[in-house]
Amino acid sequence: MKKVETTKAPQAIGPYSQGIIVNNMFYSSGQIALTPEGEMVQGDVKEQTHQVFKNLQAVLEAAGASLDTVVKTTVFLKSMDDFAAMNEVYGQYFNEHKPARSCVAVAKLPKDALVEIEVVALVK
Ligand SMILES: CC(=[NH2+])C(=O)[O-]
């Protein structure tokens, strides 16, 4: 088991790792719209989803994976009213390659984020 760490994505805000590699699989923690400096992006769900993908790309790269090797994602939304807007941005990152996905609305997210996404990916 190997811990993944990068300064190109926000540091953990609790007792967890940015991600873990087990054999040839990478499991990311959920990413919210924090900058690598730890500032929350104060935008709508589209802006927040872009920052989430920047963070996911950084941790995937640090793991030796990429969006192209993601096999499963989980999307957590503060409100299902944001489903279409989130999908619009999500589809810019996953267009040809569409990993399996679950999407749920939850009562509240850390830092009052509007969206959180975690991924499972193959390490190249
Ligand atoms: C942001 C996050 N992944 C957590 O567990 O708090």
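Counting convention: from 1, in listed order, for ligands and their atoms alike. Computation of the quantities below employed the complete heavy-atom set of this structure, encompassing side-chain atoms and omitting hydrogens, waters and symmetry-equivalent molecules.
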Does NZ or CZ of R101 lie under 6.0 Å from the centre of the six-membered ring of Y90, at an angle within 45° of the ring axis?
-> yes
Ligand-residue contact atoms, ligand 1 with [X], heavy atoms, under 4.0 Å:
| X | value |
| --- | --- |
| Y16 | 1 (C), 2 (C), 3 (N), 4 (C), 5 (O), 6 (O) |
| E116 | 2 (C), 3 (N) |
| G30 | 1 (C), 2 (C), 3 (N) |

Knowing that exactly one of I117, I13, V41 qualifies, which makes a side chain to side chain contact (heavy atoms under 4.5 Å, CB included) with I32?
->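 In the set I117, I13, V41, the residue that makes a side chain to side chain contact (heavy atoms under 4.5 Å, CB included) with I32 is I13.
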When you check the side-chain N and O atoms of K54 and T35, is any donor under 3.5 Å from an acceptor?
-> no
Heavy-atom gap P110 to ligand 1 smaller than 4.0 Å |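 Heavy atoms of P110 do come under 4.0 Å of ligand 1.
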So, for L77 and L109, which heavy atoms are closest and what is the spacing to 0.1 Å?
->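 Heavy-atom minimum between the residues: C-CD1, 4.2 Å.
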